[in-house]
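Counting starts at 1 for both ligands and their atoms, following the listed order.
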Amino acid sequence: MISPIANSFDLDQKMAALNLHERLELIAQETVNPVFTTSLGIEDQLITHFIATHKIAIKIVTLQTGRLFPQTLQLLTQTKAHYGIEIHEFYPENHTLEKYIKQRGLNGFYESIQARHACCNIRKLEPLARAISGSDAWIKGLRREQSNNRKTVPFCEHQDGKTQFKFNPLADLDRVELLKLVDELDIPINALHASGYPSIGCEPCTRALKPGEDERAGRWWWENEQARECGLHAAKG
Ligand code: SF4
């Protein structure tokens, strides 16, 4: 349990002065059952590398939405083998998924923001709730530079009245430094990154970027910018 005298502001300040390895060690020391959720994106691969190579006591989980790119599934297998680690997989509940598909169709999420959120709820948010249950620390690979929606992301945050802290140890990392680190450390990454996909989610909801677009513009591109999050990172413990 996080120390009663600690709060998100203290941890945020502390983390700002540390490197990535030290930030992850601090989270592991200060929290109970910390969980890192990876989407196998390039940011998440960097975090996985540090957890695995330094054997930091943080559980790694991923959400198997059932709509991921084949390249992402291949990277999942490759990453487990490369580091000799377990990445725990969480799946949607069958009955709610079947009900959704019967009512709206397999690709019903294109029809409205409500339909899209319903699909993300079933395939991501509900499995996420199970994945991070019992943990007081949820670690993610968000960076401020990724989009307007993320430009104020702190290193550590939590909601009043909630017990779970959320950590973004890459919040201040820019893409140039990210790519440099991934290259230097020879970290396996998704083959799609080389084809104009800096941010990769479910296959039917991700497209390659056009020149000048921000890193998240290829996600749910048919919606307006403010809506372009799956609700996953706003989920509360
Ligand atoms: Fe469904 Fe698309 Fe959300 Fe994946 S990203 S859960 S396919 S709406």
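The heavy-atom pair separating V61 from I87 by the smallest distance is C-CG2, 4.2 Å. The two residues L40 and L75 make their nearest non-hydrogen contact at O-CD2, 3.3 Å.
Put simply, the side chain of Y197 does not reach to within 4.5 Å of the side chain of L209, judged on heavy atoms.
Within ligand 1, the atoms closer than 4.0 Å to a non-hydrogen atom of C119 are 1 (Fe), 6 (S), 8 (S), numbered from 1 in the order shown. Heavy-atom proximity to C205, at under 4.0 Å, picks out these atoms of ligand 1: 2 (Fe), 5 (S), 7 (S), 8 (S). Here is the list of ligand 1 atoms found below 4.0 Å of a heavy atom in K124: 5 (S). Ligand 1 places these atoms under 4.0 Å from at least one heavy atom of R116: 8 (S).
Residues satisfying the salt bridge (charged side-chain N to carboxylate O under 4.0 Å, His left out) criterion with R123, sequence neighbours excluded, are absent altogether.
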Which pairs of donor and acceptor atoms, one on a side chain in residues 13-20, lie under 3.5 Å apart (sequence neighbours left out)?
unit_1, atom_1, unit_2, atom_2, d
N19, OD1, H21, N, 3.2
N19, OD1, E22, N, 2.8

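Coordination check, C202 versus atom 4 (Fe) of ligand 1: passed, since an N/O/S atom of the residue sits under 2.8 Å. Between atom 1 (Fe) of ligand 1 and C120 there is no N/O/S contact shorter than 2.8 Å.
Taking only non-hydrogen atoms, the option from R123, R67, R219, H117 nearest to atom 6 (S) of ligand 1 is R123.
A donor-acceptor contact closer than 3.5 angstrom is absent between the side chains of Y100 and E98.
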